[in-house]
Student: 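One structure is given below, represented as structure tokens, and several questions about it will come after.
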Amino acid sequence: MNQLHKLFSLLLILGLSFSACKGKSKKLDGPKATPPVIVDVLIAAPQSASNIIEANGTVIANEYVELHPEVSGRLTYLKVPEGSYVAQGTVLARINDADLRAQLGKSRVQLDLAIKTVERYKLLLDVSGINQSDYDLAVNAVNGYRADIAYTESLIDKTVIRAPFSGVAGLRQVSPGAYVTPASIIATLQQTSQVKIDFTLPDVYGNDIKTGLTIDVETDGTENKRGKATIIAIEPGANTDTRNLKVRAVLQSGTVNPGAFVKVYIDEGKN
């Protein structure tokens with residue numbers, strides 16, 4: 001009886017072990033769960049490339065001139081409103097022209113006499129009172145005096161120094177009564193209502209710039225405050241020493257003193 005009980009217990013243990021092993025094998029043989037794959041998606045779109053060219057520039061006046069006398073002499077009149085606006089044609093200085101005016105007066109008297117002589121000779125010529133050659137000489141004298149008057153008037157005009165264009169007068173370099181020559185500088189005159197910017201670029205960028213192109217200009221050393229300028233001219237040939245091209249632009253807005261240093265930025269991506 002004990003042996004039968006032991007045998008039954010052994011079979012029961014074997015059966016339970018077999019069931020456990022079979023259940024475990026089923027669990028191991030089942031499919032494994034795969035985690036989802038994370039994918040990054042980028043949408044392509046056309047976009048212009050930005051290639052900024054930097055250059056150093058110098059501000060110049062729209063018009064600039066040094067006022068020199070055309071003849072030598074003593075200044076009898078000098079009125080240069082330093083740092084103030086001057087309209088075109090304003091008389092700024094005069095040189096002593098007393099001798100020229102005296103010569104002009106003499107020529108006018110001689111011309112008046114010559115005209116009267118021609119009028120008398122004309123009456124005589126009509127009645128054959130004089131030869132044609134005498135009458136022609138009198139006419140030539142009239143023309144000669146008129147030419148002398150025109151020449152003297154041109155010399156007098158050279159003694160007057162006028163503003164060739166409207167602008168701001170600089171500091172005068174002479175005083176009233178000074179003796180001046182054509183080498184003397186009376187003052188300067190600049191038109192600053194609009195200014196230009198000159199800068200240079202390596203000739204490799206010659207095909208990337210053109211007239212009418214708008215560029216950025218840093219006028220006060222602050223990147224957040226940039227103005228706009230338009231290229232108006234490009235030197236046709238590069239400098240043989242530096243291989244640089246000289247470019248000129250006009251500042252669209254803002255006020256900058258001529259001679260100031262500026263930074264120029266050109267975006268090749270906009271060309």
Side-chain angles (χ1 to χ4, degrees), residues 43-68 79-90 92 161-173 184-271:
I43 300 176
Q47 186 177 3
S48 60
S50 176
N51 185 14
I52 304 298
I53 305 172
E54 296 185 17
N56 297 330
T58 302
V59 179
I60 63 174
N62 186 48
E63 299 291 349
Y64 172 86
V65 68
E66 291 181 346
L67 300 174
H68 292 261
K79 188 176 182 180
V80 178
E82 299 172 304
S84 300
Y85 176 82
V86 177
Q88 182 179 5
T90 301
L92 302 176
I161 302 171
R162 295 181 175 87
F165 52 81
S166 299
V168 179
L171 303 180
R172 60 183 176 89
Q173 305 298 314
S184 304
I185 299 177
I186 304 299
T188 61
L189 186 66
Q190 301 185 56
Q191 194 176 77
T192 57
S193 56
Q194 188 177 53
V195 295
K196 302 172 184 176
I197 298 172
D198 282 357
F199 60 96
T200 57
L201 289 175
D203 60 352
V204 295
Y205 296 113
N207 295 327
D208 298 323
I209 57 176
K210 56 185 177 181
T211 57
L213 180 67
T214 300
I215 60 176
D216 294 327
V217 179
E218 184 180 304
T219 59
D220 58 358
T222 305
E223 294 186 1
N224 297 329
K225 294 182 180 180
R226 291 185 181 180
K228 299 290 184 180
T230 303
I231 295 178
I232 60 171
I234 303 171
E235 191 74 35
N239 185 290
T240 56
D241 295 327
T242 62
R243 308 301 175 187
N244 289 337
L245 290 173
K246 189 173 183 179
V247 185
R248 177 166 292 174
V250 173
L251 191 65
Q252 296 179 1
S253 61
T255 56
V256 187
N257 291 328
F261 171 83
V262 295
K263 292 285 288 184
V264 176
Y265 301 90
I266 304 173
D267 190 352
E268 283 189 292
K270 294 182 179 179
N271 298 346

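This structure is a prediction, so every number in the text was calculated from the model and none was measured. For the numbers below, each heavy atom of this structure counts, side chains included, while hydrogens, waters and symmetry mates do not.
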Student: CG/D267 to OG1/T214 distance, rounded to the nearest 0.5 angstrom?
Tutor: 11.5 Å
Student: In Å, rounded to the nearest 0.5 Å, how long is the span from CG of L251 to OG1 of T219?
Tutor: 7.0 Å
Student: Between the main-chain N or O of P164 and the side-chain N or O of Q88, is there a donor-acceptor pair closer than 3.5 Å?
Tutor: yes
Student: At what distance, to the nearest 0.5 angstrom, does OG1 of T188 lie from CD of E82?
Tutor: 10.0 Å
Student: Quick check: are there more than 12 heavy atoms from other residues, nucleotides or ligands sitting under 6.0 Å from NZ of K263?
Tutor: yes
Student: Mind listing the closest non-hydrogen atom pair of A249 and I215 along with its distance?
Tutor: CB-CD1, 4.1 Å
Student: Could you tell me the separation between the CG atom of L189 and the CZ atom of F165, rounded to the nearest 0.5 Å?
Tutor: 4.5 Å
Student: What I'd like to find out is whether the side chain of D216 reaches to under 4.5 Å of the side chain of K228, using heavy atoms alone.
Tutor: yes
Student: Going from CD1 on I231 to OG1 on T211, what distance comes out if it is rounded to the nearest 0.5 angstrom?
Tutor: 8.0 Å
Student: Just by distance, with hydrogens left out, do Q252 and T230 show a side-chain donor and acceptor under 3.5 Å apart?
Tutor: yes
Student: Take atom CG in N239; do more than 12 heavy atoms of anything else shown fall under 6.0 Å from it?
Tutor: yes
Student: Side-chain polar contacts of residues 193-204 - donor-acceptor pairs under 3.5 angstrom, sequence neighbours left out - could you list them?
Tutor:
from	atom 1	to	atom 2	distance (Å)
K196	NZ	N62	O	3.4
D198	OD1	R248	NE	2.7
D198	OD2	R248	NH2	2.9

Student: Going by heavy atoms in the side chains, are L92 and I186 under 4.5 Å from each other?
Tutor: no
Student: Can you tell me how far CG of N56 sits from CD of E218, rounded to the nearest 0.5 angstrom?
Tutor: 10.5 Å
Student: Using every non-hydrogen atom in the two residues, find where A187 and G170 come nearest and quote the distance to one decimal.
Tutor: CB-O, 4.3 Å
Student: Look only at the side chain of Q191 and the backbone of A61, and say whether a donor-acceptor pair between them is shorter than 3.5 Å.
Tutor: no
Student: Please give me the minimum heavy-atom distance between A169 and V80, naming the atom from each residue.
Tutor: CB-CG1, 4.0 Å
